[in-house]
Amino acid sequence: MSSIAASVRFAPVELRASWGWLVDSSVAGGVVHGPGDLRLGTVVTLAHPGNFDFTAGWEVKLPNAADEGELGTDETDMSFGATAGWRRGELEARLGVGLAVLGNPLRFANQDDVPMARASLGWSRGGWAVIGRASVDAPTARNPIRSEGDVALRMGKRWFGVVHGGGGFAPASADWHAGLGVGFASALPGGR
């Protein structure tokens with residue numbers, strides 16, 4: 001999968017958008033590829049006492065990926081969550097909980113509510129950062145448990161590169177994943 005993502009922050013609000021190109025390879029179906037789903041979201045910093053911060057946010061997945069080729073589900077999915085973060089010097093940590101409201105592509109006007117938990121731990125110095133992440137999507141009547149981990153290395157400040165990889169801890173999770181990324185971070189024109 002390749003993707004493009006952007007975020008713009010007007011403190012205390014951050015607006016996010018991402019879109020990807022999906023490639024699915026299987027022994028039975030061969031290789032199928034096409035545009036992925038568009039994801040839009042917002043994160044709001046609710047409080048920032050001392051070394052801590054508290055946020056709330058949401059994300060919606062718009063069903064624009066073709067479902068005929070099994071790339072998309074033709075359903076709108078939403079997720080809501082809250083996080084608590086801590087930063088001191090070179091270390092930072094974040095814990096989050098949320099709820100994903102997933103559409104069911106097999107039944108019209110039906111949904112599955114999936115409780116989620118997320119955690120990350122990071123270390124940064126100068127233009128280098130190492131970030132470890134873990135996620136768990138709890139089992140429901142329609143979906144099994146999904147959990148995975150990821151470790152990323154980020155190099156650079158304004159222009160930066162990221163290499164990451166990880167894998168799943170449950171049978172329904174992806175066996176492994178890896179990725180490379182390039183990004184640019186800057187204040188908005190006229191900003192300070």
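For clarity, every value in this text was computed on a predicted model and none was experimentally measured. Quick note: numbers below take in every heavy atom, side chains included, and nothing from hydrogens, waters or symmetry partners.
When the side chains of ILVMFWY residues are joined at heavy-atom separations under 4.5 Å, either directly or via intervening members, V151 and L121 end up in two distinct hydrophobic clusters. L99 and V43 are assigned to two separate hydrophobic clusters, defined by single-linkage of ILVMFWY side chains at heavy-atom distances under 4.5 Å. Hydrophobic clustering (ILVMFWY, side-chain heavy atoms < 4.5 Å, transitive): V162 and W123 are in distinct clusters. Linking ILVMFWY residues whenever their side-chain heavy atoms come closer than 4.5 Å, directly or via other members, leaves I145 and V97 in distinct clusters. Using a 4.5 Å cut-off between side-chain heavy atoms of Ile, Leu, Val, Met, Phe, Trp and Tyr, with links allowed through other members, F160 and I131 fall into different hydrophobic clusters.
Checked against the 6.0 Å centroid criterion, the rings of F184 and W159 qualify as a close aromatic pair.
Results of the salt bridge (charged side-chain N to carboxylate O under 4.0 Å, His left out) test with D137 over R146, R142, R118 single out R118 as the only residue that passes.
Of all non-hydrogen atoms in V60 and T76, the two that sit nearest each other are CG2-CG2, 3.6 Å. Closest approach of V114 to A138, counting heavy atoms only: CG1-O, 3.6 Å. Heavy-atom minimum distance, R87 versus S124: NH2-OG, 3.4 Å. Contact detail for G126 and K157: the closest heavy-atom pair is O-CE, 3.1 Å. For the residue pair L46 and A56, the shortest heavy atom distance occurs at CD1-CB, 3.9 Å. Considering all non-hydrogen atoms of both residues, L40 and A17 come closest at CD2-CB, 3.8 Å.
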Assess whether side chain to side chain contact (heavy atoms under 4.5 Å, CB included) is satisfied between L95 and T83, documenting all intermediate values. CA-CA 6 Å; L95 293 173; T83 70; over 6 Å; no
Using the rule given for side chain to side chain contact (heavy atoms under 4.5 Å, CB included), can you reason through F169 versus V136, listing the C-alpha separation, both sets of side-chain angles and the distance that settles it, and then say yes or no? CA-CA 9 Å; F169 305 123; V136 175; over 6 Å; no
Verify side chain to side chain contact (heavy atoms under 4.5 Å, CB included) between W128 and L153, making sure each step is shown before the conclusion. CA-CA 7 Å; W128 294 87; L153 174 63; 3.9 Å; yes
Do R9 and T45 pass the side-chain hydrogen bond (donor to acceptor under 3.5 Å, both in side chains) test, and can you show the C-alpha distance, the side-chain angles, and the key distance before you say yes or no? CA-CA 11 Å; R9 185 170 182 81; T45 300; 3.0 Å; yes
Please report the C-alpha distance between E14 and R16 in whole Å, then the side-chain angles of each, then the deciding distance to 0.1 Å, and finally whether the salt bridge (Lys or Arg N to Asp or Glu O under 4.0 Å) criterion is met. CA-CA 7 Å; E14 182 177 341; R16 298 177 177 178; 3.2 Å; yes
May I have the step-by-step check of salt bridge (Lys or Arg N to Asp or Glu O under 4.0 Å) for D53 and R94, ending in yes or no? CA-CA 9 Å; D53 70 82; R94 181 163 297 281; 2.8 Å; yes
Assess whether side chain to side chain contact (heavy atoms under 4.5 Å, CB included) is satisfied between D113 and T140, documenting all intermediate values. CA-CA 8 Å; D113 299 336; T140 66; over 6 Å; no
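Taking NE2 of H164 as the start and CZ of R154 as the end, the distance is 13.0 Å to the nearest 0.5 Å. Expressed to the nearest 0.5 Å, how far CD of E59 lies from CZ of R39 amounts to 5.0 Å. In this structure, D112 CG and L102 CG are separated by 6.0 Å, a value rounded to the nearest 0.5 Å. Rounding to the nearest 0.5 Å places CZ of R158 at 4.0 Å from OG of S186.
A donor-acceptor pair is defined here as one N or O able to donate and one able to accept, closer than 3.5 Å; such a pair exists between the side chain of N64 and the backbone of G36. One N or O on the side chain of K61 and one on the backbone of E75 form a donor-acceptor pair closer than 3.5 Å. Side chain of S173 to backbone of S147: a donor-acceptor contact under 3.5 angstrom is found.
Ring pair F54/F52 is parallel by interplanar angle, where below 30° counts as parallel and above 60° as perpendicular.
There is no side-chain donor-acceptor pair under 3.5 Å between S18 and S3.
The closest side-chain heavy-atom distance from E92 to W86 is not below 4.5 Å.
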